[in-house]
**Student:** 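Here's a structure for you.
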There are 2 protein chains.
Amino acid sequence: MFVSKLRVKAGRLIVAQRSQKGTGWVTGMEGKTKNRAATVPPPAGARPTLKTIAFMTGLGITTVSRALKDAPDIGAETKERVRLVAKQIGYQPNRAGVRLRTGKTNVISLVLTLEEEIMGITSPMVVGITEILAGTPYHLVVTPYSSTKDPLGPIRYILDTGAADGVIISRTEPHDARVTLMTERHLPFVTHGRTEMGIIHPFHDFDNERFAYEAVRRLTERGRRRLVLLEPPPNLTFHTHMRTGFERGLKDFGAEAVSFHHVNIDHSLVAIRDAFEQLMRSVDAPDGIVSGSGSGAIALIAAIESAGKKVGENVDMVTKAPSDFLRWLRPEVMTMYEDIRLAGRELAKAVIGHIEGKPPETLQSLSQPEFQRPMSKSRKV
Amino acid sequence: MFVSKLRVKAGRLIVAQRSQKGTGWVTGMEGKTKNRAATVPPPAGARPTLKTIAFMTGLGITTVSRALKDAPDIGAETKERVRLVAKQIGYQPNRAGVRLRTGKTNVISLVLTLEEEIMGITSPMVVGITEILAGTPYHLVVTPYSSTKDPLGPIRYILDTGAADGVIISRTEPHDARVTLMTERHLPFVTHGRTEMGIIHPFHDFDNERFAYEAVRRLTERGRRRLVLLEPPPNLTFHTHMRTGFERGLKDFGAEAVSFHHVNIDHSLVAIRDAFEQLMRSVDAPDGIVSGSGSGAIALIAAIESAGKKVGENVDMVTKAPSDFLRWLRPEVMTMYEDIRLAGRELAKAVIGHIEGKPPETLQSLSQPEFQRPMSKSRKV
DNA sequence: CATCGCTACTGTATCGTTACAGATTTTGTT
DNA sequence: AACAAAATCTGTAACGATACAGTAGCGATG
């Protein structure tokens with residue numbers, strides 16, 4: 001077998017080298033140097049360390065360390081031997097050791113608000129991130145904060161304690177203090193959403209402008225002319241994006257806006273429904289709706305129905321949707337799929353890229369809304 | 001001010017003690033012992049360590065360490081001084097240092113299948129867990145695995161690398177190899193769901209038996225007699241729980257079961273819909289449905305409607321629901337709320353309890369289904 | 001043949017923390 | 001006064017890894 005052949009060969013090599021040098025440290029203890037770890041067999045059953053490999057190969061700990069890093073000053077033969085042994089005994093570097101010595105944590109921190117999670121957007125995002133991290137030494141640590149408090153809190157914590165090599169944040173604002181801080185302090189990060197500060201940094205974003213524009217197109221195609229937008233909260237960057245797309249759509253496709261700014265997608269479903277029901281009952285009632293969030297759409301539908309109207313008849317509606325609930329339950333609502341899992345993957349790739357020193361401008365991506373055909377009402381045969 | 005007063009007092013105390021001892025090591029360098037860290041000022045701007053506090057207080061590193069741990073062999077006065085300085089300079093123990101020395105990671109690992117996350121159950125769970133961990137030194141690391149592969153994989157990884165102090169697992173089986181392994185190896189854990197192996201271990205579970213029983217009660221109250229259950233996959237423990245509750249309900253409330261075992265809540269929505277549509281079109285069509293999952297319910301509704309029937313008229317339906325989508329979009333469906341966020345909190349408390357050595361039997365909890373009134377169709381006035 | 005440079009390998013010190021085994025002073029006992 | 005015990009404080013070594021400054025051997029160079 002290939003493996004045993006190589007080991008025998010390796011064994012001979014050890015002997016040859018040692019006898020040439022004449023140090024004889026494989027046999028005796030005369031050296032009594034403290035760090036000569038290789039002379040002491042490792043305790044059985046314990047987790048293998050560099051010391052273990054050093055003992056098994058007859059090499060020094062340093063050599064083993066450098067061999068595994070593919071350092072240029074280690075012989076090709078030796079590297080192979082070390083790698084082989086390491087693999088055989090299932091060596092995995094001790095994270096605490098590395099972290100203490102080098103400061104490298106091998107941790108990516110996902111910073112979340114506890115509040116934004118109502119709609120369960122986190123789930124597929126976490127899955128997407130871990131999909132990418134699975135092939136790397138990185139672990140994903142979830143660091144939450146209460147958005148009612150200081151959003152800089154978790155960032156400061158990470159900076160102060162060196163808790164992570166990279167950070168993923170969302171709910172990005174046009175002038176985002178977190179981005180400023182992390183940039184200044186050279187902490188690699190990526191944002192879910194863009195900023196407008198003139199800082200070039202990694203991001204992934206959904207093309208909300210395009211979404212709103214295409215939504216307006218869909219609605220006007222159905223003859224709708226008085227359109228309303230359930231918008232993101234005004235402090236977030238994509239508020240502007242979505243509004244811009246919406247307004248550009250109105251202009252290009254010839255429709256008018258119905259004002260509706262009392263509530264946004266951050267409000268409770270009940271608040272949205274109440275506000276929208278009032279609008280639907282008024283003389284200003286729109287005939288087309290663009291919903292900036294899937295859960296918001298639910299409240300809007302309820303409002304429409306409470307007002308005695310019906311989606312697909314009195315009004316049409318397009319919504320962003322991170323899952324396909326709505327397609328199943330309300331196929332009359334048009335949906336544009338936002339692939340959060342993909343976002344997670346892109347974000348993970350981007351932070352890692354940033355950590356590895358790739359230029360930020362190469363770590364930016366925008367995902368396009370995917371218009372979904374309404375689900376067939378009956379089963380495929 | 002209180003603070004400066006105390007510091008002055010502390011300062012005087014140092015002098016007094018040192019002069020009595022006559023070692024004079026505060027002034028000179030004659031000691032030249034290597035670990036006498038306190039004689040060298042810490043680099044400005046660097047993260048404070050025990051050394052920093054040792055320098056500031058004039059104490060030894062060991063003393064500072066022990067003082068912060070409230071060890072019995074440190075004077076009350078000293079402890080207070082150390083604590084004060086530590087707080088002032090914002091000392092936080094270096095995790096890597098602690099972990100390397102003691103093996104304590106201060107990490108809780110949430111082990112997830114990538115696949116189960118379709119329905120987004122993870123989100124509120126993560127939030128619940130982090131709510132509890134926020135008040136502790138623990139971080140939450142998400143460790144995913146592909147359920148198509150070895151579910152023991154992540155557990156072995158954690159055992160081999162000592163990656164976490166405690167583990168949270170879900171999708172628990174009656175005879176769960178993960179539970180056996182972690183118990184044997186004394187790795188603290190908690191399961192979301194119960195086992196049937198005679199091992200007493202921490203768990204949190206939703207009372208699925210009760211849920212199904214109460215669901216049957218609701219349906220029979222509406223005169224339904226031919227009931228069907230969309231059940232969990234047969235390998236998971238709560239499959240039996242739910243079936244038991246269902247069958248007990250049938251007996252107690254006088255109804256009969258319609259067989260439907262081709263699909264379960266793990267199957268795709270399309271598969272569930274197709275199978276159920278077939279049933280609904282057959283002569284065996286049930287008039288009452290219990291759905292073991294919220295997303296499954298969506299597929300069932302679609303199937304019912306495809307078959308030309310209507311929930312609330314031809315059939316009634318009760319479903320478990322982790323959110324209130326259905327209440328908004330299909331108020332005619334009866335829902336029992338499963339509070340996943342609460343589950344997250346309970347699980348976190350239980351692992352920590354286990355880590356701290358509390359007896360497992362005190363770390364078990366069962367949450368009761370919460371029947372929800374149908375949502376009012378119109379706004380509150 | 002001394003010396004240089006190169007290749008391949010190695011020991012020491014260090015990151016921050018804690019277990020352990022002292023060390024020193026104070027207090028108590030007889 | 002002598003000694004033991006208690007109360008406080010301390011240095012050393014170690015956890016596992018790596019940066020750095022070497023060293024040994026060997027062929028090439030002048």
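Here is the naming used below: chain letters follow the sequence lines, and residue numbers restart at 1 for every chain. As the structure is a prediction and not an experimental result, all values here were calculated from the model. The figures here come from the full heavy-atom set of this structure, side chains too, leaving out hydrogens, waters and symmetry mates.
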**Student:** Pick the nucleotide of DNA chain C nearest each of B:Gln92 and B:Asp73; which residue has the one closer to the 5' end?
**Tutor:** B:Gln92
**Student:** Do you know which of A:Thr62, A:Thr63, A:Val64 makes side-chain contact (heavy atoms from CB on, under 4.5 Å) with A:Arg66?
**Tutor:**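 Passing option: A:Thr62.
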**Student:** Measuring to OP1 and OP2 of D:dT10, would you say a side-chain N or O of B:Thr62 lies under 4.0 angstrom away?
**Tutor:** no
**Student:** What's the closest nucleotide to the B:Thr49 side chain, out of D:dC15, C:dT17, D:dA17?
**Tutor:**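 Ranking D:dC15, C:dT17, D:dA17 by closest atom to the B:Thr49 side chain puts C:dT17 first.
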**Student:** Could you list the residues that satisfy side-chain contact (heavy atoms from CB on, under 4.5 Å) with A:Arg83, not counting sequence neighbours?
**Tutor:** A:Leu68, A:Asp70, A:Lys79
**Student:** Rounded to whole angstroms, how far apart are CG on B:Leu50 and P on D:dC9?
**Tutor:**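 To the nearest whole Å, that distance equals 16 Å.
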**Student:** Rounded to the nearest angstrom, tell me the gap between atom CZ in A:Arg81 and atom P in C:dA8.
**Tutor:**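 Distance check: A:Arg81 CZ to C:dA8 P gives 13 Å.
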**Student:** Need to verify one output field. Residue with the more 5' nearest nucleotide on DNA chain D, B:Arg66 or B:Gly97?
**Tutor:**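 This one resolves to B:Arg66.
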**Student:** Tell me whether the side-chain N/O atoms of A:Tyr91 come closer than 4.0 Å to OP1 or OP2 in D:dG16.
**Tutor:**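 Answer no for this pair, as no side-chain N or O of A:Tyr91 is under 4.0 Å from OP1 or OP2.
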**Student:** Could you list the residues that satisfy side-chain contact (heavy atoms from CB on, under 4.5 Å) with B:Thr105, not counting sequence neighbours?
**Tutor:**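 With sequence neighbours excluded, B:Thr105 shows a side-chain contact (heavy atoms from CB on, under 4.5 Å) to B:Arg99, B:Val107, B:Asp165, given in chain and number order.
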**Student:** Answer with yes or no whether A:Arg101 presents, from its side chain, a donor or acceptor under 3.5 Å of a partner atom in the base of D:dT18.
**Tutor:** yes
**Student:** Measure from the side-chain heavy atoms of A:Thr63 and tell me the nearest of D:dC9, C:dT17, C:dC9.
**Tutor:**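 So the nucleotide nearest the side chain must be C:dC9.
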**Student:** Are any of A:Lys69's side-chain N or O atoms less than 4.0 Å away from OP1 or OP2 of D:dT18?
**Tutor:** yes
**Student:** Using whole Å, what does the distance between atom P of nucleotide D:dT10 and atom CD1 of B:Ile61 come to?
**Tutor:** 11 Å
**Student:** Round to a whole Å and report the spacing from NZ of B:Lys104 to P of D:dA14.
**Tutor:**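 Spelled out: NZ on B:Lys104 to P on D:dA14 is 25 Å.
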**Student:** Nearest 0.5 Å please: distance from the CZ atom of B:Arg95 over to the OG1 atom of A:Thr161.
**Tutor:** 7.5 Å
**Student:** If the cut-off is 4.0 Å, is B:Thr78 near the phosphate of D:dC9, judged by side-chain N/O to OP1 or OP2?
**Tutor:**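 The answer is yes; a side-chain N or O of B:Thr78 sits under 4.0 Å from OP1 or OP2.
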**Student:** Give a yes or no on whether A:Ile200 atom CD1 has more than 12 heavy-atom contacts from other residues, nucleotides or ligands under 6.0 Å away.
**Tutor:**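 No, because the 6.0 Å sphere around CD1 of A:Ile200 holds 12 heavy atoms or fewer from other groups.
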**Student:** Write down the distance between CG (A:Leu68) and P (C:dC9), rounded to a whole number of angstrom.
**Tutor:** 13 Å
**Student:** Within the structure shown, what part of the strands sits under 4.0 Å from B:Pro72 by heavy-atom distance: base, sugar-phosphate, or nothing?
**Tutor:** nothing
**Student:** Can you check the B:Lys79 NZ to D:dA7 P distance for me, whole Å?
**Tutor:**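 Those two atoms, NZ and P, are 12 Å apart.
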**Student:** Taking only the side-chain nitrogens and oxygens of A:Thr102, find out if one of them lies under 4.0 Å from OP1 or OP2 of D:dA17.
**Tutor:** no
**Student:** Mind calculating the distance between CD1 (A:Ile74) and P (D:dA19) to the nearest angstrom?
**Tutor:** 13 Å
**Student:** Can you identify which nucleotide, out of D:dT10, C:dG16, C:dT18, has its nearest atom closest to the A:Leu100 side chain?
**Tutor:**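 Ranking D:dT10, C:dG16, C:dT18 by closest atom to the A:Leu100 side chain puts C:dG16 first.
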**Student:** Figure out the CG/P separation between B:Asn106 and C:dG16, and round it to whole Å.
**Tutor:** 18 Å
